[in-house]
**Q** 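Pasting a structure here, questions to come.
As a basis for the values below, the full set of heavy atoms in this structure was taken, side chains included, without hydrogen atoms, waters or symmetry mates. Chain letters run A, B, ... following the sequence lines, proteins first, then strands; residues in each count from 1.
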Amino acid sequence: MPHADDPLTERIKSDLIARLKTAVGAVADQLGLPAPDRPQVYLEVPKDRRHGDYASNAAMLLGRAARQNPRAVAQTLLETLELSGTQVERAEIAGPGFINLHLKPTWIYDALREVVRLDEDYGRSRAGGGQKFQVEFVSANPTGPLVVVNARAAALGDTLAGVLAWAGYETQREYYVDNMGTQVDTLGKSFELRLRELLGETIEFPEGCYPGSYVIDIAKEFLKERGEAGARRLLGIDDEKARRRELAAHAVERIVAGHKDQLDRYGVHFDEWFSQKSLAESGAVDRAVTTLRKHGHIFEQDGAVWFRSTTFGDDKDRVVVRSNGEPTYFALDIAYHLNKFERGFQKVIDLWGPDHASHVTRMMAMTQALGYPQGTLEILIVQWVRLLSQGQLVKMSKRAGDFVTMEELIDEVGKDAARFFFLMRAAESHLDFDLDLAKLKTADNPVFYVQYAHARVSSLLKQAAQEGFAPQDLPVEALSRLTDPSELELLRKLSYLPEEIAGAAAAREPHRLTRYAIDTATLFHKFYDSCRVLGAEPEVRDARLVLVDAARIVLRNVLGLLGVSAPERM
RNA sequence: GCGCCCAUAGCUCAGUGGAUUAGAGCACCGGCCUCCGGAGCCGGUGGCGCAGGUUCGAGUCCUGCUGGGCGCACCA
């Protein structure tokens, strides 16, 4: 239902959809079409402007369901459709049976006024109705530095969370710290060996330990902090398990701190750093298994405890407690997600790497087995990134050995380019990242293209201010001096921002925003090229200043969501 | 062998519920600055991996094939 706080485009659209629904219902009655066969009604923005501001395919869908000629159905529909008191100027049937709606030209000036009025809140909507969502992302193992794919996930997760928040979902960003298990033990061992090495022992560094130089850095730092005596005291603990645990805890802490630093620098801030260890220590795993058992999804076999995930479509059942009594990683994940569900999120969205893609099915199984509706958990797979330079694959890293780190990437191309480039692609698409292009501080680089538009806008407004002109609160009549096609195209694009954001949120596709940003920048440049602002006759100049200001607002808001800076000068 | 992801212009990718004429950037060719930032604008070359199917209509849905990526632990 339309609401006074909704963005103008949303109000217009939902009002029209409601009317269309009524008409479709009436026509369906006439045709004797039972309720389940009635099409869902929606409006789309036609690619071609000549097809109106909105188009509906309802007649074609109705026609198919009732085995009637779509154009004839469209005719009936149009006669039934009540459009008085709306912004629609004319409605027509086109092509195979589309109903194209043309709005009165003045609505666009209302939209412009709204952009300027809402300013830094322009783009927000209530589409999400305040539902509580969680986005969990990055969640890298604290056994080494963040790498390039983490940077991709960080950009996608952060902007997805931002887009959801703007679309009216209450959104939390969470990072899961995997601070226990085999990998952490291995880290403890690697750390110990490096320490001993630094203290003069001859060490054969074994296969399977972490060879990256970051472990040596941590060891060096540790020595500096605690001194040789402190280090020897720790290494002197006889019980290997206890000793390693302590060492591992220290190394994990350092590494997680490093992750935080890099993410901070990247503009990504989490609301919650959730510790796997504290979860495990709280007895959550037992509770989770007990809950599953209560629902009848647990069985014992070969001395292990299994979750019967095949009940929910998995291709095999999964162990949750090993025969040695240790819970599996999956068991921890069940406990973790149960915890999330119990925190009251209507939707939990996880961003995972492709190496975990095969776990999706068992996670969905678990969600249902715990009694939560399907769809409570959504898992988005973020595909690998390949770095290219001069057409060659870049693989080696100074610090980590096999992988290029997130830190190196940011050092190399900067936060803005990194985030923008990652956000230009859909999460699930394999991505070749062109380092040379991202590094260019010039024309060819799309991120600079958009930033340049913002800088140009800012510069123009500054110039205007120097000449004593500023954007004013103009009525629709004054704004209707904007009639050039380039002005109207830009204005129309600006008016779509709330829908664009709500759409990106609903589809979980934050990458749509980079395209929107590029399109907006293009339309601004075109406008700038064909219309003078300063020096135009006063009424036109004043109207154009408002448009320029609106472009500034939109570019700034979008860049903000992308986590890319909006410079006033470049 | 099984499962998942991907395949659109020379290259990297969009294509948002199936819909009227498939887009952008890079690359290449040709134009536009006495004027608010030419880091811009305008024009041109060029494409849906293959084969079927469903439909009034398929880049989009279904099946098969081919090519590439990732998984298939009582590791995480």
**Q** Name the orientation class of the two ring planes belonging to Y175(A) and H259(A) (parallel below 30°, tilted from 30 to 60°, perpendicular beyond 60°).
**A** tilted
**Q** Tell me which nucleotide among rA19(B), rA14(B), rU16(B) gets nearest to the side chain of R425(A).
**A**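 Side chain of R425(A) sits closest to rA14(B).
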**Q** Run the numbers on L497(A) and Y516(A) for side-chain contact (heavy atoms from CB on, under 4.5 Å), then give the verdict.
**A** CA-CA 8 Å; L497(A) 180 63; Y516(A) 177 82; 3.5 Å; yes
**Q** Could you note down all residue pairs passing ring pair (Phe, Tyr, Trp, His ring centres under 6.0 Å) where residues 319-340 of chain A supplies at least one of them, sequence neighbours left out?
**A**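 Sorted pair list: Y176(A)-Y336(A), F274(A)-Y336(A).
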**Q** Would you indicate which nucleotide in rA76(B), rC74(B), rG37(B) comes nearest to any side-chain atom of N141(A)?
**A**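 Between rA76(B), rC74(B), rG37(B), the one nearest the side chain of N141(A) would be rA76(B).
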**Q** I'd like to know if the side chain of S56(A) and the backbone of A58(A) have a donor-acceptor N/O pair within less than 3.5 Å.
**A** yes
**Q** Would you say a side-chain N or O of H511(A) is under 4.0 Å from OP1 or OP2 of rG15(B)?
**A**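 So the side chain of H511(A) is within the cut-off, an N or O lying under 4.0 Å from OP1 or OP2 of rG15(B).
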**Q** Tell me if a side-chain donor or acceptor on D542(A) pairs with a main-chain N or O of E539(A) at a distance below 3.5 Å.
**A** no
**Q** Expressed in angstrom and rounded to an integer, what is the separation of Q183(A) atom CD from rA76(B) atom C1'?
**A** 4 Å
**Q** How far does the C1' atom of rG43(B) sit from the matching atom of rA51(B), given to the nearest Å?
**A**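 Going atom to atom, C1' in each nucleotide, I get 39 Å.
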**Q** In terms of side-chain heavy atoms of A304(A), which of rC41(B), rA76(B), rC74(B) is nearest?
**A**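 Among the listed nucleotides, the one closest to the side chain of A304(A) is rC74(B).
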**Q** Among the nucleotides rU12(B), rG15(B), rA76(B), which one has an atom lying closest to any side-chain atom of D432(A)?
**A** rU12(B)
**Q** Could you give the CD1-to-P distance, from I334(A) to rA76(B), as a whole number of Å?
**A**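 Answer to the nearest Å: 12 Å.
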**Q** Using the salt bridge (charged side-chain N to carboxylate O under 4.0 Å, His left out) rule, collect all pairs that involve residues 496-509 of chain A, keeping only residues at least two apart or in two chains.
**A**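 As it turns out, the salt bridge (charged side-chain N to carboxylate O under 4.0 Å, His left out) pairs with a partner in residues 496-509 of chain A, which skip direct neighbours, are K13(A)-E499(A), E378(A)-R508(A), E509(A)-R512(A).
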**Q** Report the residue (W384(A) or P327(A)) whose heavy-atom-nearest nucleotide on RNA chain B is the more 5′ of the two.
**A** W384(A)
**Q** Using the side-chain heavy atoms of N100(A), tell me which of these nucleotides is nearest: rU20(B), rG69(B), rG37(B).
**A** rU20(B)
**Q** Determine if the base of rC61(B) is syn or anti; take syn to mean the glycosidic torsion is within 90° of 0.
**A** anti
**Q** Counting side-chain heavy atoms from CB outward, which of rA39(B), rA73(B), rC13(B) is closest to K316(A)?
**A** rA73(B)
**Q** Picking from D484(A), L490(A), T522(A), what satisfies side-chain contact (heavy atoms from CB on, under 4.5 Å) with F527(A)?
**A**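 It is L490(A); the other options fail the test.
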**Q** For Q466(A), which contact category applies under a 4.0 Å heavy-atom criterion: base, sugar-phosphate, or nothing?
**A** nothing
**Q** So what stems show up for RNA chain B if we need 3 or more Watson-Crick or G-U pairs in a row, all under 3.5 Å?
**A** B:1-7 with B:66-72, B:10-13 with B:23-26, B:28-32 with B:40-44, B:49-53 with B:61-65
**Q** If you take the centroid of each ring, where Trp contributes its six-membered ring, are Y452(A) and H525(A) closer together than 6.0 Å?
**A** yes
**Q** Round to the nearest Å and state the distance from N57(A) atom CG to rU60(B) atom P.
**A**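 Distance, rounded to whole Å: 18 Å.
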**Q** Starting at CD of E509(A) and ending at C1' of rU60(B), how long is that distance when rounded to a whole Å?
**A** 13 Å
**Q** What pairs meet the salt bridge (charged side-chain N to carboxylate O under 4.0 Å, His left out) rule with one or both residues in residues 414-428 of chain A, with sequence neighbours excluded?
**A**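 Those involving residues 414-428 of chain A are D158(A)-R419(A).
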**Q** Please report the distance, rounded to the nearest Å, between CG in L431(A) and C1' in rA14(B).
**A** 13 Å
**Q** For atom C1', what is the distance between rA22(B) and rC4(B), given to the nearest Å?
**A** 28 Å
**Q** Whole angstroms only, please: what is the CD-P distance between Q451(A) and rG40(B)?
**A** 13 Å
**Q** Centroid separation under 6.0 Å, is that true for the rings of F433(A) and F422(A)?
**A** yes
**Q** Give a yes/no verdict on a cation-pi contact between R541(A) and F469(A), requiring under 6.0 Å between NZ or CZ and the six-membered ring centre and an angle within 45° of the axis.
**A** yes
**Q** In residues 522-535 of chain A, which ones come under 4.0 Å of RNA chain B, going by heavy atoms?
**A** H525(A), K526(A), Y528(A), D529(A), C531(A), R532(A), V533(A), L534(A)
**Q** Distance between the C1' atoms of rG30(B) and rG64(B), in whole angstroms?
**A** 47 Å
**Q** For rU54(B) and rC62(B), measure between their C1' atoms and round to the nearest Å.
**A**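 rU54(B) and rC62(B) have their C1' atoms separated by 7 Å.
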**Q** Output the single nucleotide from rU20(B), rG15(B), rG37(B) whose closest atom is nearest the side chain of Y452(A).
**A** rG37(B)
**Q** Between Q276(A) and N179(A), does any side-chain donor sit less than 3.5 Å from a side-chain acceptor?
**A**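 Per modelled atom types, Q276(A) and N179(A) side chains form no pair under 3.5 Å.
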**Q** Work out how far the C1' atom of rG59(B) is from that of rC50(B), and round it to whole angstrom.
**A** 15 Å
**Q** If the C1' atom of rA24(B) is compared with that of rU8(B), how far apart are they to the nearest Å?
**A**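 13 Å, rounded to whole Å.
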**Q** Could you say whether D355(A) or D302(A) is positioned toward the 5' end of RNA chain B, judged by the nucleotide with the nearest heavy atom to each?
**A**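 Whichever sits nearer the 5' end wins; that is D355(A).
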**Q** In terms of side-chain heavy atoms of V319(A), which of rA39(B), rA19(B), rC74(B) is nearest?
**A**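 Taking heavy atoms from C-beta onward, the closest nucleotide is rC74(B).
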**Q** Between rG10(B) and rA73(B), how far apart are the two P atoms, rounded to whole Å?
**A**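 Approximately 41 Å lies between the P atom of rG10(B) and that of rA73(B).
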**Q** Which nucleotide wins on minimum distance to the side chain of R515(A), given the candidates rA14(B), rU12(B), rC70(B)?
**A** rA14(B)
**Q** Check whether any side-chain nitrogen or oxygen of Y449(A) sits under 4.0 Å from OP1 or OP2 of rC41(B), and answer yes or no.
**A**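 So the side-chain polar atoms of Y449(A) do come within 4.0 Å of the phosphate oxygens OP1 or OP2 of rC41(B), strictly under.
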**Q** Indicate whether the side chain of E568(A) and that of H454(A) have a donor and an acceptor atom separated by less than 3.5 Å.
**A** no
**Q** Let me have a per-nucleotide readout for nucleotides 1-11 of chain B, 5' to 3', with B, S or -, counting only protein heavy atoms under 4.0 Å.
**A** ----BS-----
**Q** Taking atom C1' in both rG52(B) and rC70(B), compute the distance separating them and give it to the nearest angstrom.
**A**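 Pairwise C1' distance, rG52(B) against rC70(B), rounds to 29 Å.
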**Q** Grab the two heavy atoms, one from S530(A) and one from S486(A), that are nearest each other, plus how far apart they are.
**A** OG-OG, 3.1 Å
